[in-house]
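Reviewing the structure listed below.
Given the structure is predicted, the values throughout are model-derived calculations rather than measurements. Numbering of ligands and ligand atoms starts at 1, following listing order.
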Amino acid sequence: LGPLAGRFDVDALAECDSTSSELLRRAERGAPSGSVIVADRQLAGRGRRGRSWLSSADGCLMFSVLWRSQRGLAGLGGLSLAVGVALVRALERLGASGVRLKWPNDVLLATPAGDAKLAGILIELAGGRREAQVCIGIGLNLQTPAGEFAQPVAGLAQALPALPERHDLLATILVALLGVLDDFAECGFAAVKDEWQARHAWQDRAVRLIEDGCAERSGICRGVADDGALLLETATGCERILAGDVSLRVN
Ligand code: ATP
């Protein structure tokens, strides 16, 4: 692990239900901050609110990281956005361009056919130890996933002339994640807000906010606040939107 030795302890599995489910079980049994699980195959990959993350063997890099938050639970606003910044840093370092961020937890790739989902981020609270720990789950498509998706999807192979080895890709992402998490521990999301804004896929675009599956309201994306809340300009003024079960769709 080179520079990551002592900070991360990686366990590579051939198969599991979901790397986050497995890591959360280990957290219950006392696994320490820095534990990482990566799996070749997931049988029951998860998104937010019971949604599924679908992946074929070899087609997706799936891993989860346990992280002790020195900020306490109240200071975790914007963590999924900060993790997105780490993914952008890592992928750009590997030579990818067109990587963009969608509030609150998606990484998109700008393609000739429009923005397509490249990676998803899932943040969950982990029990087990006295201090607050979170499980950071990441699914990064290497190849464009096959199947029916509500939104366009993409794979990293579209953004790079050649895919790196999986362990090199994981190590590059973990190095970037370490930098972002250290900054986040000091200053929260504000530490990387400008970087997030600079890669915001839908800045100043008209969007629909979908809450609990029902279309709710429309507005213009005006960026994000220091705590990661989305700033949505509506007919009645600028609203702060907290992640919860809110999904964004571009109009
Ligand atoms: P939001 O806009 O709220 O993020 P979302 O639909 O992206 O909504 P998530 O929970 O972040 O929700 O991710 C799960 C969703 O991602 C699934 O419902 C599916 O539409 C999509 N999805 C599942 N597997 C993949 C994949 N391998 N690549 C891209 N998208 C996927």
Side-chain angles (χ1 to χ4, degrees), residues 16-21 24 38-64 78-85 87-88 91 96 98-111 113-125 134-159 163 166 169 196 199-203 205-219 221 224 228-230 232 241-251:
C16 64
D17 51 354
S18 124
T19 56
S20 287
S21 300
L24 287 167
V38 55
D40 291 341
R41 278 183 305 281
Q42 284 192 142
L43 302 176
R46 298 186 283 108
R48 297 191 301 151
R49 304 261 168 167
R51 291 191 279 265
S52 302
W53 183 261
L54 304 173
S55 56
S56 58
D58 303 335
C60 189
L61 178 70
M62 296 157 288
F63 64 100
S64 298
L79 180 59
S80 67
L81 286 76
V83 173
V85 168
L87 278 171
V88 170
L91 299 182
V99 182
R100 299 282 176 266
L101 293 167
K102 178 193 152 199
W103 186 90
N105 65 326
D106 288 347
V107 180
L108 307 180
L109 185 66
T111 76
D115 293 334
K117 186 154 159 178
L118 180 66
I121 297 160
L122 181 66
I123 307 285
E124 296 170 291
L125 290 182
V134 288
C135 175
I136 301 167
I138 295 175
L140 167 63
N141 293 326
L142 304 178
Q143 305 295 341
T144 306
E148 300 258 309
F149 295 93
Q151 307 285 312
V153 293
L156 188 58
Q158 283 173 256
L163 282 175
R166 289 168 87 87
L169 179 57
W196 195 95
R199 302 289 186 281
H200 184 188
W202 294 351
Q203 181 71 26
R205 299 268 300 265
V207 294
R208 277 173 298 136
L209 261 190
I210 304 175
E211 219 158 341
D212 288 328
C214 311
E216 280 278 313
R217 47 208 145 134
S218 298
C221 264
V224 287
L230 177 75
L232 186 74
I241 312 290
L242 299 172
D245 186 25
V246 179
S247 297
L248 269 194
R249 299 290 177 262
V250 74
N251 276 340

In this structure, does ligand 1 have an atom that sits under 4.0 Å from one of the heavy atoms of Q151?
no
Would you say F149 has any N or O atom under 3.5 Å from an N or O of ligand 1, going by distance alone?
no
I'd like to know if the side chain of D40 reaches the main chain of A57, judged simply by a donor and an acceptor atom lying under 3.5 Å from each other, with no hydrogens or angles considered.
no
Is a donor on one side and an acceptor on the other found under 3.5 Å between the side chain of N105 and the backbone of L122?
no
K117 and L108: which non-hydrogen atoms are nearest, and at how many Å?
CA-CD2, 3.7 Å
Have a look at ligand 1 and work out which part of S52, if any, has a heavy atom under 4.0 Å from it: side chain, backbone, both or neither.
backbone
Taking all heavy atoms of L61 and all of R166, pick out the closest pair and write down the distance.
CA-NH2, 4.0 Å
With the threshold set at under 4.0 angstrom, would you say G120 reaches ligand 1 through any of its heavy atoms?
no
Pick, from R46, R51, R48, the option with the minimum heavy-atom distance to atom 3 (O) of ligand 1.
R48
Checking heavy atoms under 4.0 Å, the part of N141 that sits near ligand 1 is side chain
Closest contact, heavy atoms only, W196 versus L81
CD1-O, 3.3 Å
Give the atoms of ligand 1, by number and element, whose distance to some non-hydrogen atom of G47 is under 4.0 Å.
10 (O)
Logged contact type for P145 with ligand 1, heavy-atom cut-off 4.0 Å, is side chain
Determine, using heavy atoms of K102 and all atoms of ligand 1, whether some pair is separated by less than 4.0 Å.
yes
Verify, without hydrogens or angle tests, whether S80 (side chain) and P104 (backbone) share a donor-acceptor contact under 3.5 angstrom.
yes
Of the side chain and backbone of R49, name the one, both, or neither that has a heavy atom under 4.0 Å from an atom of ligand 1.
neither
Minimum heavy-atom distance T19-M62, with the two atoms named
CG2-O, 3.7 Å
Which pair of non-hydrogen atoms, one from A116 and one from T111, has the smallest distance, and what is that distance?
CB-CG2, 4.2 Å
Short N/O distance, under 3.5 Å, between S55 and ligand 1?
no
Which one holds for L122 and ligand 1: side chain close, backbone close, both close, or neither close, with close meaning a heavy atom under 4.0 Å?
neither
